[in-house]
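Only one structure is covered here, and it is reproduced in the block below.
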Amino acid sequence: TPIVFVSAIAGVIAGLLYTYLVLYLLGTVWKGATHTDGFRVYPDLTTIAIGISVGIALSMSLLYIWIIRALKRTQMTRITQIYADNNLKNPRQSALSASSAFKKRRLTWASIFYNKRQALLSFITLTCGVLIVFSVGLNRRSFADSSQIRIATGGFSLWVETAVPVYHNLQTEEGRAKLALTDLPKDAQVIQLLKYSADDASCLNLNKVVTPNVLGIDMAELKNIEFKTAENSVYPALVDETVLQWSLSKKLGDTIFYTGEKGDTIPIVLAGTLPNSIFQGSILIDKALFSEIWSEISGSEIMLIKVPDDKISETKMLISQALNNYGVRVMTTGERLQLFYSVTDTYLTIFLTLGGLGLLLGIFSFIIVVRKNIIARRKEVMLYRSLGFDEKRIFSLLYKENIIIPLCAIATGTLGSLLGVIMGFGNVSVGIWLFALAFLILLVFCVIWFVKSSVRSYLKQVDNMQN
C-alpha cells in the first residue's frame, strides 16, 4: 500500500512536469505546429485528486487479484519444486523424462510458450515502439531532391509574390525591360497569376476557412506544364487536396460562394484537385472566368518562374532587386513547400519523440524479460549439465529462446511501418531510406549483442556458484 501511494504521487508530479515540457516545446522548438507564442498550464486540483484516487483504486484492485492468484499457486509450486529436486538427485530418471520431452516437442518453443505472458508483453511493447518510430520517420519529407517535389512544384524554381500588382507581361522582352529584368535567363519560363484576396486556406492558418484566396491562371498553360491534376466533368476551379480535405472540409463537386465586383453572389464549383502543391491556401480558376468575376483586378500578384537549377540564386537576387518597389517576396518553390510541411513535420517530430519513448519502454521491457527468464533457468541449466549437455549446446538453447521474440517484434514493427507508407514510397527520399536501414541494422545488432552477452554472463555466474 505505501508503494502504491508513493507511486501515485510520483505519477502526478511526472505528469505535470511532462505537460509543462510538452507545452513549452510547442511554444518554442515545436512552434511550427501551432504558430503561437506559447501556452500556459493551469493545474486543476479537483482533476488531480480524481486522477490520484482512480489510480490508487485500480492499483489496489489489481494487487488484490494477483496476490490471491499467487497464493493459490503456491501449493502447486511447492509440489513441482519437490519433484524437480528429486529429479536432480536421480539423473537417470531425469534423463528418461528429458528424453521423452525431447521426442514430444522442441525445447525452445516449449519454453517460450511456458513464459507466454512475459513474451507477449515484451513482443507488444517492442513492436509498438518500432512501428511508431519507423512509420513516423518514413513519413518525413525531404525537399533537397528536386525530382521528389516536381509534381508539387510543376517544375518551377521560384515563387514570387508582390504586395502591389504587376501590370507588365514578363513573357515579353518589352515587359521585362520595363521592370529592369532584361538579365533574366533567355530560357526562363514565367506564369503570372491574378489574385483575389480572401482567407489563407493553407496549413499555416489553424482557423477554419470558408472562402479561400482565388488565383486566376491560364488553364491551358497549367495543362502543358508538370502539375498533375485530377478533374471531374465540371471544371470551374482546382483546389489543393490538402486544402479541400482539411481547411475547407469539403469534397469535389461542392460549391463555394464569393461576392463579385457588383455585389452579386458568384458560385465556384470545386471540380479538380492538385496533390499537395505550392498552390496550397488558394483555389485556381481560369483567367478568363476570373476576369469576368473581378474585372477590376488586372495586375498579377503571383508569379511562377522556371529557370535552370544553376541560375536559381542569380534569378532570385535579380527579381528581389528589380521588384523591390512592389513589395516583392521571393522564395524557391522548395522553400514554399517546406514552409507548408513545417506543420506536418512538427507533428511528426512530436510523434517521433513519443514513439522513441515507446521504443525505450519496449527495450527496457525486453531487457527485464530476458534477465528474468535467464535467471529463472538455473535449475534447468544444472539439469542440462547433469544430462551431459556441453556449454555450447546450453548457450545455443538459451540464446534461441531469448532472441526469437525481440527479432520477431522488430520484424513485425518494421513490416507494419512499411505497409503504412506503401502508398507514398516514392515520396520517401533515399537519405531517409538509408537512415532507416542503418537504424534497423543497429537495433538488430544491439539486441543480438545484448542477448549473447547476457547468456554468457549468466552461464559464468552458474559456473562460479557450482565451483
Side-chain angles (χ1 to χ4, degrees), residues 31-32 35-37 143 152-185 188-207 209 211-218 221-222 225 240 243 247 258-261 274 277-285 287 290-291 293-307 311-343:
K31 193 174 182 178
H35 294 275
T36 61
D37 293 331
F143 301 94
T153 64
F156 283 87
S157 313
L158 298 174
W159 173 277
V160 181
E161 191 166 355
T162 61
V164 179
V166 176
Y167 294 96
H168 303 289
N169 187 357
L170 293 182
Q171 294 278 38
T172 65
E173 293 184 3
E174 181 183 359
R176 295 185 183 185
K178 290 183 178 180
L179 293 174
L181 289 172
T182 53
D183 291 335
L184 273 178
Q189 183 180 355
V190 181
I191 292 182
Q192 294 175 260
L193 293 82
L194 306 175
K195 179 180 179 181
Y196 173 78
S197 297
D199 298 320
D200 180 16
S202 72
C203 58
L204 301 179
N205 183 8
L206 299 182
N207 299 316
V209 175
T211 53
N213 297 328
V214 182
L215 301 180
I217 188 172
D218 189 337
E221 290 184 341
L222 188 67
I225 54 183
D240 185 277
V243 173
S247 297
Y258 288 86
T259 301
E261 61 182 6
L274 292 164
S277 70
I278 53 176
F279 294 116
Q280 186 181 143
S282 307
I283 64 173
L284 300 177
I285 65 174
K287 268 189 176 180
F290 186 99
S291 297
I293 302 172
W294 299 289
S295 59
E296 77 281 4
I297 301 177
S298 57
S300 61
E301 296 181 32
I302 305 292
M303 287 178 281
L304 291 174
I305 300 178
K306 184 177 182 179
V307 295
K311 297 182 179 180
I312 291 178
S313 298
E314 175 186 343
T315 304
K316 183 178 179 180
M317 182 178 298
L318 176 63
I319 293 175
S320 298
Q321 294 174 350
L323 301 182
N324 181 54
N325 294 333
Y326 287 83
V328 70
R329 186 169 61 129
V330 187
M331 65 176 69
T332 66
T333 51
E335 290 172 344
R336 181 171 172 82
L337 277 179
Q338 190 169 13
L339 181 64
F340 290 145
Y341 273 94
S342 64
V343 176

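Quantities reported herein were computed from a predicted structural model and do not represent experimental measurements.
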With rounding to the nearest 0.5 angstrom, report the [atom1] to [atom2] distance, [X] to [Y].
| X | Y | atom1 | atom2 | value |
| --- | --- | --- | --- | --- |
| Gln280 | Arg336 | CD | CZ | 8.0 Å |
| Ile283 | Tyr196 | CD1 | OH | 11.0 Å |
| Lys311 | Leu318 | NZ | CG | 12.0 Å |
| Glu296 | Ser291 | CD | OG | 10.0 Å |
| Leu184 | Ile319 | CG | CD1 | 5.5 Å |
| Ile293 | Ile285 | CD1 | CD1 | 4.5 Å |

Short side-chain to backbone donor-acceptor contact, [X] and [Y], under 3.5 Å:
| X | Y | answer |
| --- | --- | --- |
| Asp199 | Pro212 | no |
| Ser300 | Val166 | yes |
| Ser247 | Val209 | no |
| Gln192 | His168 | yes |
| Trp159 | Gly334 | no |
| Asn169 | Gly175 | no |
| Thr211 | Tyr258 | no |
| Gln171 | Ile191 | no |

Applying side chain to side chain contact (heavy atoms under 4.5 Å, CB included) between Thr153 and each of Leu158, Leu304, Thr332, Ile278, report the one that passes.
Ile278
Shortest non-hydrogen separation from [X] to [Y] and the atoms involved:
| X | Y | answer |
| --- | --- | --- |
| Phe340 | Ser202 | CE2-CB, 3.7 Å |
| Ile217 | Phe279 | CD1-CZ, 4.4 Å |
| Ala177 | Thr182 | CA-CG2, 3.5 Å |
| Thr315 | Ile305 | CG2-CG2, 4.4 Å |
| Val330 | Ser320 | CG2-OG, 3.7 Å |
| Leu215 | Phe290 | C-CD1, 4.3 Å |

Does Lys287 have any salt bridge (Lys or Arg N to Asp or Glu O under 4.0 Å) partners at least two apart in sequence or in another chain, and if so, which?
none
In chain order, what residues pass the salt bridge (Lys or Arg N to Asp or Glu O under 4.0 Å) check against Glu174, with sequence neighbours excluded?
Lys178
Is it the case that over 12 heavy atoms from other parts of the model lie below 6.0 angstrom from the CD atom of Glu173?
no
With Gln321 via side-chain contact (heavy atoms from CB on, under 4.5 Å) - residues at least two apart:
Met317
The test is side-chain contact (heavy atoms from CB on, under 4.5 Å); show your working for Gln189 and Phe156 and say whether it passes.
CA-CA 8 Å; Gln189 183 180 355; Phe156 283 87; 4.1 Å; yes
